[in-house]
J.: 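Right, I'll just put the structure down here and ask away after.
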Amino acid sequence: MNQLQSLRGMVDILPEQTQLWQAVELVAREQLQCAGFKEIRTPLLEVTDLFSRSIGEQTDVVGKEMYTFSDRGDRSCTLRPEGTASVVRAALEHGLLKQGPQRLWYGGPMFRYERPQAGRQRQFHQIGVECFGMNSPRCDVEVISIAWDLLDSLGLNDLALELNSLGSSEDRNRYRNKLVEWFQDRYEELDVDSQQRLQNNPLRILDSKDPKTQSLLREAPVLEEYLCNESSERFLAVQDSLKALQIPFKINPRLVRGLDYYSHTAFEITSKHLGSQATVCGGGRYDGLVEQLGGSATSGIGWAIGMERLMILLGDSISGPTSPDVYFINRGEEAQIKALVLARKLRAASMKVELDGSGASFAKQFKRADRCGAAWAMVLGDDEVSTGQVRIKKLHSHKDSSEKIEFLASANDLDRLLALLRD
RNA sequence: GCGGGCGUCGCCAAGUGGUUAAGGCAGCGGCUUGUGGCGCCGCUAUUCGGGGGUUCGAAUCCCCUCGCUCGCCCCA
């Protein structure tokens, strides 16, 4: 292929699509604002260490999916594979966490070197939130409800909320030891991937899809039974609050999530219309992360929505590009300049005006006016220049009779013109 | 990273070894340089993702490569 093309897994978002993106972004921004969130923007590029230390050396993301390279100063840099680590870093770096609880949101591209497929790209977009210093299980539920309501208000039904508790890090350590011990006796029965995971990241065995491993898991120790009292009370409190908000959920004891920093509440919002990439939104609590990155112990919770997956679900439910209010037909030396001036005035009054720049025949320009779906055609030619008029004509009226409306286009009449066009 | 399917114009496609690669939509030009929508006419792929091979002859068969897609892994 001689033609230059985008890198694998890097996708252009074309004008036809950006309309939908903007609409979604607008709704998200409004809702997050209503919930007291403030936007934070962090660099796309960070020191590699940030991700390996927060996400975990043994995770797939860090192990094989990062875009990592050395810059000219020989620093190891990585294109962010997710948002949380950067937000924590920025919050620490600028002392945000010393100023009380923080509700932050972010959006933008993330990068993971994976094999692309439906709902998965190498550059993809997330919109996410991170809260700091909010401890109560009710905060978990508030945060979940914000994601749930956002998706709901975009018209998505048919979603499922899956919930689990990973307990405190002590709980998890105890459980991990038990699990490793239990599986070591049954090592030969495990699938190859899970044998590998037994070394690196034993909890990951829980969401193995291998049938044999799955049936083994039915008898294996269950994480829930290793939660200390405090942890399981917390888990129950989360469930109670969800019920109070009447948000339906399903407990999934095998929901582990691939990033090491999660603790206690972990959740995913999934759709069955997404093939094997079912998760539209994933998140959870990460109480140890801030400390792990050098801050003082601060609780954290957040989620991220995958924009591309959201777009798949939205499909073509929202209409395409909007057509202009006015298509401005103009022809002749002086007329074209007058049209330029008038178009600018109309735009200043928030009219969507498409100015024909071709100087082609009136018939031709009318044809374009019609095709672009404009509500009105406005005409300015030599005749209009001499009389100081413009003509407007309602398009798509299906009447053959001429509907030319004539009037003066002096500055004083601009309001009258606008009133007619807005009709 | 591993396995399956696919790749003909901007889009949807016919064609499965034999003279100039259908058709539809969109686009452009004309009939109509002061009036669009309808109609009619014309134009738009020296070439079938790219490269190599087999053959008198390849979009059609073989190999390699790139891309897309689906599944696995994992995640948003």
J.: Looking at B/G36, does its base get a donor-acceptor pair with the side chain of A/Asp370 below 3.5 Å?
T.: yes
J.: Side chains of A/Thr84 and A/Glu130: any donor to acceptor distance under 3.5 Å?
T.: yes
J.: Could you check A/Lys64 against A/Leu7 and say which one's nearest nucleotide on RNA chain B is further toward the 5' end?
T.: A/Leu7
J.: Any strand counts, and the cut-off is 3.5 Å on both contacts for Watson-Crick or G-U wobble. Which nucleotide pairs with B/G3?
T.: B/C70
J.: NA contact type, A/Arg112, heavy-atom cut-off 4.0 Å: base, sugar-phosphate, or nothing?
T.: base
J.: If you find the nucleotide of RNA chain B closest to A/Val280 and the one closest to A/Leu274, which residue's nucleotide is nearer the 5' end?
T.: A/Leu274
J.: Using atom C1' of each nucleotide, how far apart are B/G27 and B/C12 to the nearest Å?
T.: 15 Å
J.: Can you check side chain to side chain contact (heavy atoms under 4.5 Å, CB included) on A/Ile13 and A/His125, steps first, answer last?
T.: CA-CA 11 Å; A/Ile13 304 169; A/His125 296 78; 4.1 Å; yes
J.: Taking A/Glu114 as the fixed residue, which of A/Arg8, A/Lys64, A/Arg120 is the one that meets the salt bridge (Lys or Arg N to Asp or Glu O under 4.0 Å) rule?
T.: A/Arg120
J.: Using the C1' atom as the point on both nucleotides, what is the distance between B/G23 and B/U44, in whole Å?
T.: 15 Å
J.: Mind checking who B/G10 pairs with, Watson-Crick or G-U wobble, both distances under 3.5 Å?
T.: B/C25
J.: I'd like the P distance from B/G15 over to B/U8, given in whole Å.
T.: 14 Å
J.: If the P atom of B/U54 is compared with that of B/C72, how far apart are they to the nearest Å?
T.: 42 Å
J.: What's the gap between B/C61 and B/C48 when it is taken at their P atoms, as a whole Å value?
T.: 15 Å
J.: Nearest to the side chain of A/Arg8, heavy atoms from C-beta on, is which of B/G34, B/G67, B/C73?
T.: B/G67
J.: For B/A76 versus B/G17, give the span between their P atoms, rounded off to a whole number of Å.
T.: 49 Å
J.: Strictly by side chain to side chain donor-acceptor pair (under 3.5 Å), give each pair with a member in residues 20-31 of chain A just once, sequence neighbours left out.
T.: A/Gln31-A/Ser153
J.: So how far is it from A/Arg254 CZ to A/Leu206 CG, rounded to the nearest 0.5 Å?
T.: 7.5 Å
J.: Which nucleotide in the list B/G37, B/G34, B/C28 gets nearest to the side chain of A/Arg371?
T.: B/C28
J.: What's the spacing between A/Leu289 CG and A/Arg53 CZ if we round to 0.5 Å?
T.: 10.0 Å
J.: Quick one, which residues of residues 113-127 of chain A touch RNA chain B with a heavy atom under 4.0 Å?
T.: A/Glu114, A/Arg115, A/Gln117, A/Ala118, A/Gly119, A/Arg120, A/Gln121, A/Phe124, A/Gln126
J.: Name the nucleic acid region contacted by A/Gly9, choosing base, sugar-phosphate or nothing; use a 4.0 angstrom heavy-atom cut-off, strictly under.
T.: sugar-phosphate
J.: With rounding to whole Å, what would you report as the distance between B/A58 and B/G51 at their P atoms?
T.: 15 Å
J.: Can you say whether the rings of A/Phe132 and A/Tyr286 are parallel (under 30°), tilted (30 to 60°) or perpendicular (over 60°)?
T.: perpendicular
J.: Taking the C1' atom of each, how far is B/G52 from B/U20, in whole Å?
T.: 27 Å
J.: Categorize A/Val61 for me: base, sugar-phosphate, or nothing, with a 4.0 angstrom heavy-atom threshold over every strand shown.
T.: nothing
J.: Is there any salt bridge (Lys or Arg N to Asp or Glu O under 4.0 Å) pair reaching into residues 76-89 of chain A, and which pairs are they, with sequence neighbours excluded?
T.: A/Glu46-A/Arg89, A/Arg89-A/Glu93
J.: Has the side chain of A/Glu65 got a donor or acceptor that lies under 3.5 Å from a partner of the other kind on the base of B/G1?
T.: no
J.: Regarding A/Ala369, tell me which of base, sugar-phosphate or nothing describes its non-hydrogen contacts under 4.0 Å with the strands shown.
T.: nothing
J.: Hey, are the side chains of A/Phe124 and A/Arg309 touching, using non-hydrogen atoms and a 4.5 Å cut-off?
T.: no
J.: Among B/G36, B/A76, B/C68, find the nucleotide with the atom closest to the side chain of A/Arg309.
T.: B/A76
J.: What does B/U55 pair with, Watson-Crick or G-U, if both distances are under 3.5 Å?
T.: none
J.: Using Watson-Crick or G-U wobble geometry with both distances under 3.5 Å, which nucleotide pairs with B/U32?
T.: none
J.: Please work out if A/Gly381 contacts a base, only the sugar-phosphate, or nothing of the nucleic acid, heavy-atom cut-off 4.0 Å.
T.: base
